[in-house]
Structure formats: structure tokens, C-alpha cells
Participant: 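Here it is, the structure in full.
Order of the sequence lines sets the chain letters (A, B, ...), proteins ahead of strands, with each chain counted from 1.
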There are 2 protein chains.
Amino acid sequence: MAATIRDVAKVAGVGLGTVSRVLNQSPLVSAATRQRVLSVIAELRYNPSQLARTFALGKTLTVAALAPFFTRPSVVERLRGVEATLAAAGYHLVVFNVEAVARRDECLRDAARSDRADGLLIISLAPRPAEVNAFREAGLPVVLIDTFAEGLPGVSIDDVAGGALATNHLIALGHTRIAFIGDPQEDPLTFNFTSSHDRLLGYQQALAAANLPLPSAYQRHGLHGRYEARVLARELLQLPEPPSAIFAASDTQAMGVLEAARDLDIPVPQALAVVGFDDIDIAEYLGLTTVRQPLFESGARAVELLFLMLSGASAPPAEQVPVELVVRRTSAPLG
Amino acid sequence: MAATIRDVAKVAGVGLGTVSRVLNQSPLVSAATRQRVLSVIAELRYNPSQLARTFALGKTLTVAALAPFFTRPSVVERLRGVEATLAAAGYHLVVFNVEAVARRDECLRDAARSDRADGLLIISLAPRPAEVNAFREAGLPVVLIDTFAEGLPGVSIDDVAGGALATNHLIALGHTRIAFIGDPQEDPLTFNFTSSHDRLLGYQQALAAANLPLPSAYQRHGLHGRYEARVLARELLQLPEPPSAIFAASDTQAMGVLEAARDLDIPVPQALAVVGFDDIDIAEYLGLTTVRQPLFESGARAVELLFLMLSGASAPPAEQVPVELVVRRTSAPLG
DNA sequence: CGTTCCATTGGAACTAGTTCCAGCGTAGCA
DNA sequence: TGCTACGCTGGAACTAGTTCCAATGGAACG
């Protein structure tokens, strides 16, 4: 059996509290006593039970993060920011990968109920009002990343502006037939609050502002994935009057568009301009023009906000981080 | 203040043990009592403290996973397998992203000391004998993924055979000048046990078996990354007698090779064949010929082994999962 | 020498569950 | 009717820390 704090106290001939004080660097211990206790600790190879400690403290030093499809490069990069910031503060990160609606609901419910984490980060998933309420009642601090919910702090970008940024870039290049490919408009997993939706809005606003037509046939929606986007892009490119540019709501989907262009022997950017969103790692490799958002930083910042709440501050307001157009080889003036 | 099990017992007019029995589905409670307790639980909105439960049980229902650079697609895919299997069993996954030697050592030490996880998974990092010992002494079950260590169970592949598989494919296509690009031979992070090393071995064996020369200039090592591989590949391709084929120890590195070929206007596969390793998601997109290993399954299987150990079984032997050559568009008969 | 004060110390109480043993009541049986 | 057996129940003890209050002892000071 492993030694306990009581064993240490007995062997060192001191009280429980004294050992605890030594362990917690309390100044209320004389140097001599501290030395004696430390040597007994070494002698007994004592190491304090984290389990008991978290129990007594009522804190887990753990933060949970909920993400849909954590294999998506953008999500992974956000999680990296989260993990790095948590680790620096001695916190643990437990991750939940949500790939089905049932698990989404279950995870959110359990998170509110259980006390296995001191705080919760939710990535790209919007909690319902009832769920927000459950968090409040449970006193569980929550910070959102890449979504919104009434009354919850979060870190996100201005997706509307981002969508407009991409679209205006294409307009400035002389394109007039600009299509959009994004996530499904009705998604039970994300409760319909997708960044894709707002990016579509920005796209529509930019086109309207430029007095360009907005044919509904140019707006396609499909599951967030390369393959689905490839199918949608092929449909677009085989239209009687195909678009000369496609704005995809994510780099992953833009990759599908590039595949479709390859399938149909359509040269990019000569005959088709493609713009993505996120600037994931691979975008640079592919020479993809895209809208960059600070993924790592969004995770890091969200953790900072969470720490603020853990230290007793009331919920800070939702924050936005800036986006930026990165022009590469998949967009060029209309030839 | 949240209700405790004692509050429930008092209000329901039963004993502590009875409430606990109801919570744990013990059959030793009469239906009437169970009903009463359940209704009081609902009435008080009682939910049991996981913290206290964990403490009393001495189990955390949590597994820790250590991975170097968890942004690497292959690691993410393994983690997805890990998470899915853990979640199905009601376990939590806490991840540690190791990107520096200091953190590697710290994480391994802490993992052995702390009781914040019931088991540990180590991905692509070989623990030193002293560390293996610390795990044994701490009674912490450990399962390795993609590495080996004396006395620890693990899930891996036959990297030597995989390396030979890739190389023999190139030899069969008629190539005789075949180069290799892999991870550094001395890597403090992985304690020199890299899969890259064994893949190099397979490469060397295959070439030797075919009586082909093995110029050391054809074997290059650099940090695991696209950019580093691109630089190395460029060096190779600018050699007086450049290779006609390059085997990269990972798909990520193979991507760097493809970039280098593009930089130098060398057509793939006509003038240069490229073979990668892992078959990460993007490999198919790029048409990369590669050696596929079951990444998701390796994570899932490792968790199964860990559960076996948690249920009291002694450490099972290390296992190997099969690899398979996937021929795509980056390799062709020498023209 | 008595008093005050402060640094240091000891340990009971607390955190919220689980476990296990003793006890109780009733049913079954002789 | 008495005895046994068994289903159900109550609650003390336990998990291993932290916290806080009271106590102790010695120094400083009048």
C-alpha cells in the first residue's frame, strides 16, 4: 500500500496539517520541520494522491473540450492551442469527439451534470437555450469557440465579413458568376448555427452590394467533407452556365472543388477560381487562396477566458479575432 | 449547495447505504424503497458527485494518452480510434501533446506518479527502461502504440516489412536508383526508437536482396515535416546522379518530396516515383502511392488491451497489425 | 517576573461517496 | 410456537487530502 499523508506525519513525528503545509509550500513551517518532513517524504517514497486532493479541494484541474469531428484539421489546430494553454497552467484536457447527434446531446448533458471538469469548451457546436441554462444552474463555466449562444462567452470570427472578404476578392478579379459551397443548412448536430451559414450570408451581401445576380442554383450545401464538396462542385461545373469562381466555406470543401476541377479538366485558376476558408496547414501546400483565421490562437484565447471565469470573474463578453485574405495560386483575374 | 447522498437519505427516510445501492443498481433494494429514493433524488435534483465517487472507488474512469505532435494526421486518426473505444466504455480521454523533450520527460514522470488516470497510452514515443520501471512500480497499466519497450504491451506494425514492401514495389517497377527520406536518426524525443528507423531498415534489406547499390548519399534524415522533407528531396534531385524514386518514411514527408519535384519541374511519376507511408486521409487526394497501416484500429485495439489489463489480466504480448501497399498515381514503371 | 504577541504546530472536522457488517422482520417449516 | 434463513436495511468506517481553530512555547517588553 502506498504511503499516505498520515504515515508521513507519524514517521516524521509531526501533525497532519504540518505535512500538508509542507506539501503546499505554506510559509507557516519552520525550516527545520520542513527539512524533516521532506526527508521522510523521500524516505517513504510518498507521493500525494491527486484523487484525494481534487476531492478535498473540490476542483479537478481539468477542462473538457467538446468538438464535432476532431479529425478536421481546423479543429485539431484549435485543440492544440487549447492543450498548450491548459498544460502551461497545469490543467488537463479531456476531449470528446462528437460525430453523432445522440452523442452531442449526451455529452452536453453529462458535462453539465458531472463535476469531472472545472470548465467546458465547446467547439463549433451551439448549445440550445435549455442546455445553456443547465450549465448556469450547474455553475459550470463554459466558453464557446467558433459558435454563439445567448449569454455564453466565446471566441469567434466575423464569418459574415470573412465570407464577404472572399467574395469581394473574386469580384475584384472580375468574376461575376460566383458560386458557393457550404455545410448543410439544417444540421441537427450544430443546431443550425454553423459558421458556414454566416459565410454564405457574407457571400450574398457582397454579391448584392456589387449588383451581381444570386442564382440559387449557385448555392450548394452538403456534409462538411471533401467528397461531398467534390460532388457538389461537379454539379456546379456541369451547369449550362457554370460559375467561373467558387467560394467554399472551408478549405476541406475547397479541396473537393479542386478535385472536381481536375476531374473535368478545368484548369485552375485560368478557367476556375477557388477560394477556401480557414487556412489549414494543407492550404499552403495546395496553393489555395483562402481566408485565414487564427485557429491555434482561438483555442488559447478561449482557455484564457475560461481561466478568467474560474478565478471568479463573471462571464466576459464574446470576442472576435480578426480574419485575413491569403491570396495564393487558385485565384486569378478572369481571363 | 448541491444535495448529497446524505440529504437524499434523510429526506427519503432511509439509510446511506440504501441510496448508494439504488444509485448502483444493486438488486438488494425492495421495489418500494427504490421508488421512494428515486423520487426524492428527482425532487432534490440530486446528482452524485463523480469526484467523491472516483475517490471512494480509487478509480478515475479516465485514460491518458501521450502523443508527440498530435496535429499529425496519423496521430489524430489513432486518437480518434482511442477516443471512440474509450467513450463506448464510459471512459474519458485526457490528451497530452508532446512537442518538446522537457515535456516528454515531465509527462512520463507525472503519469507514473499521479493517480489521475487508470491507464496510459503512449503513441510513437518509447519510454526508457527507468520509465518502464516507474510504471510497473506505480502499478499503472501502459499500452504503447507505434513503438516498443521491453516488457510493455503494444500495438504496432512491422515497419521493416513495410519499408521493404514500399521498396520492393519500386524495384519491381524497374527502379534502381531509389532514395530514402526519413526522421532524424538521433531524436531525443523518441529516444531513437522511431518507426522511420525500421522503415529504413526494410528499405536497406530490400535493396540488398535485389543486389542494388545503397549509396549513403541517397539516405537523408530530417525533422518529420513537409518543409524539411522538401529541402532534403531537392538536394537529392539535384545530385549529379539523382534518384528515379524516393521512398519517404511518412506521407507527410512524401508530400514534401512532391513539392520538391514540382519546384524542379520534375514530372511525377514519369521522371520520379514517390512512395509514402501511413495512408493518411490526404494521401488519396494527392494520388500518393503509400503503405497503409490501420491507424484508427491501432488506437482502438490499444484501448482493448488496456481494458484487459485494467480487468486484472497480466500484460498481453505486443501485437502487430497488418500493412498493405496502396498503389496510386505517384509510382509507375521506370520509363 | 508577568504579560502580550506571534510564529509554529496538532489534529478534529470536512469533502461525498462505497463497503461491509450487524440487525431486523418476516416467511417457511417442523 | 419456536427456530432458521434470508431479504432488506442502517450506518460506522473508510478512501486521503485540506482547512481551520485552539494550543503551545519562546521572545520581547514593561
Side-chain angles (χ1 to χ4, degrees), chain A residues 1-41 44-62 90 110 113-118 138-139, chain B residues 1-41 44-62 90 110 113-118 138-139:
Chain A
M1 207 50 225
T4 73
I5 199 172
R6 269 159 251 262
D7 299 329
V8 175
K10 202 169 298 171
V11 174
V14 300
L16 272 186
T18 303
V19 179
S20 178
R21 277 184 285 264
V22 169
L23 289 173
N24 294 289
Q25 339 274 355
S26 159
L28 303 173
V29 192
S30 70
T33 310
R34 162 166 287 123
Q35 263 320 308
R36 187 147 37 93
V37 171
L38 285 176
S39 74
V40 171
I41 285 177
L44 298 183
R45 307 246 235 122
Y46 164 71
N47 38 37
S49 157
Q50 293 297 322
L51 232 46
R53 180 154 208 279
T54 56
F55 175 53
L57 251 29
K59 294 184 176 190
T60 60
L61 296 182
T62 294
D110 288 359
R113 277 232 235 111
S114 121
D115 51 1
R116 285 174 73 177
D118 297 339
Chain B
M1 207 51 224
T4 74
I5 200 172
R6 269 159 250 263
D7 299 329
V8 175
K10 201 169 298 171
V11 175
V14 300
L16 273 187
T18 302
V19 179
S20 179
R21 277 182 286 264
V22 169
L23 290 174
N24 293 290
Q25 340 273 355
S26 160
L28 301 174
V29 192
S30 70
T33 310
R34 163 165 286 122
Q35 264 320 310
R36 186 146 39 92
V37 171
L38 285 175
S39 74
V40 172
I41 285 177
L44 296 184
R45 308 247 235 121
Y46 164 71
N47 38 38
S49 158
Q50 294 297 323
L51 231 46
R53 177 154 210 279
T54 272
F55 175 52
L57 249 31
K59 294 185 174 187
T60 60
L61 294 181
T62 293
D110 287 359
R113 278 232 235 112
S114 124
D115 49 1
R116 284 174 71 176
D118 297 339

Participant: Over how many whole Å does the gap from Asp115(B) atom CG to dA16(D) atom P extend?
Facilitator: 9 Å

Participant: Got a sec, which residues hit side chain to side chain contact (heavy atoms under 4.5 Å, CB included) with Ser30(B), two or more places apart in sequence or on another chain?
Facilitator: Ala32(B), Thr33(B)

Participant: Can you check whether Thr33(A) has a side-chain N or O nearer than 4.0 Å to OP1 or OP2 of dT8(C)?
Facilitator: no

Participant: List for me each residue that meets side chain to side chain contact (heavy atoms under 4.5 Å, CB included) alongside Asp7(B), sequence neighbours excluded, and say none if there are none.
Facilitator: Ala3(B), Thr4(B), Leu44(B)

Participant: Could you pull out all residues at least two apart from Ala52(B) that satisfy side chain to side chain contact (heavy atoms under 4.5 Å, CB included)?
Facilitator: Phe55(A), Ser49(B)

Participant: Do side-chain atoms of Arg36(A) reach the backbone of Ala12(A) as a donor and acceptor pair under 3.5 angstrom?
Facilitator: yes

Participant: If stacking means aromatic ring centre less than 5.5 angstrom from the base's six-membered ring centre, planes under 30°, is Phe55(B) stacked on dT15(D)?
Facilitator: yes

Participant: Going by side-chain hydrogen bond (donor to acceptor under 3.5 Å, both in side chains), name the residues that satisfy it together with Thr62(B), two or more places apart in sequence or in a different chain.
Facilitator: Arg116(A)

Participant: Can you tell me the distance, in whole Å, between the CD atom of Gln35(A) and the P atom of dT8(C)?
Facilitator: 15 Å

Participant: Give the C-alpha distance, both sets of side-chain angles, the deciding distance and a yes or no for side-chain contact (heavy atoms from CB on, under 4.5 Å) between Thr18(B) and Arg21(B).
Facilitator: CA-CA 5 Å; Thr18(B) 302; Arg21(B) 277 182 286 264; 3.5 Å; yes

Participant: Rounded to the nearest angstrom, tell me the gap between atom CG in Asp7(A) and atom C1' in dG11(C).
Facilitator: 16 Å

Participant: Where the side chain of Ser30(A) is defined as all heavy atoms beyond and including C-beta, which of dT9(D), dT9(C), dG10(D) is the nearest nucleotide?
Facilitator: dT9(C)

Participant: Go through the structure and list residues passing side chain to side chain contact (heavy atoms under 4.5 Å, CB included) with Asn24(A), not counting sequence neighbours.
Facilitator: Ser20(A), Arg53(A)

Participant: Mark up nucleotides 17-23 of chain C, 5' to 3', with B wherever a protein heavy atom is under 4.0 angstrom from a base atom, S wherever such an atom reaches only the sugar-phosphate, and - elsewhere.
Facilitator: BBBB---

Participant: Which residues pass the side-chain hydrogen bond (donor to acceptor under 3.5 Å, both in side chains) test with Thr60(B), not counting sequence neighbours?
Facilitator: Asp118(B)

Participant: What's the CG-P distance between Leu28(B) and dC24(C), to the nearest Å?
Facilitator: 19 Å

Participant: Compute the angle between the rotation axes at the two ends of the helix from dC1(C)-dG30(D) to dA30(C)-dT1(D), each taken over five pairs, rounded to 10 degrees.
Facilitator: 50°

Participant: What is the distance from CZ of Arg36(B) to P of dC8(D), rounded to the nearest Å?
Facilitator: 14 Å

Participant: Would you mind telling me which of Val19(B), Leu23(B), Val8(B), Ile5(B) makes a side-chain contact (heavy atoms from CB on, under 4.5 Å) with Pro48(B)?
Facilitator: Leu23(B)

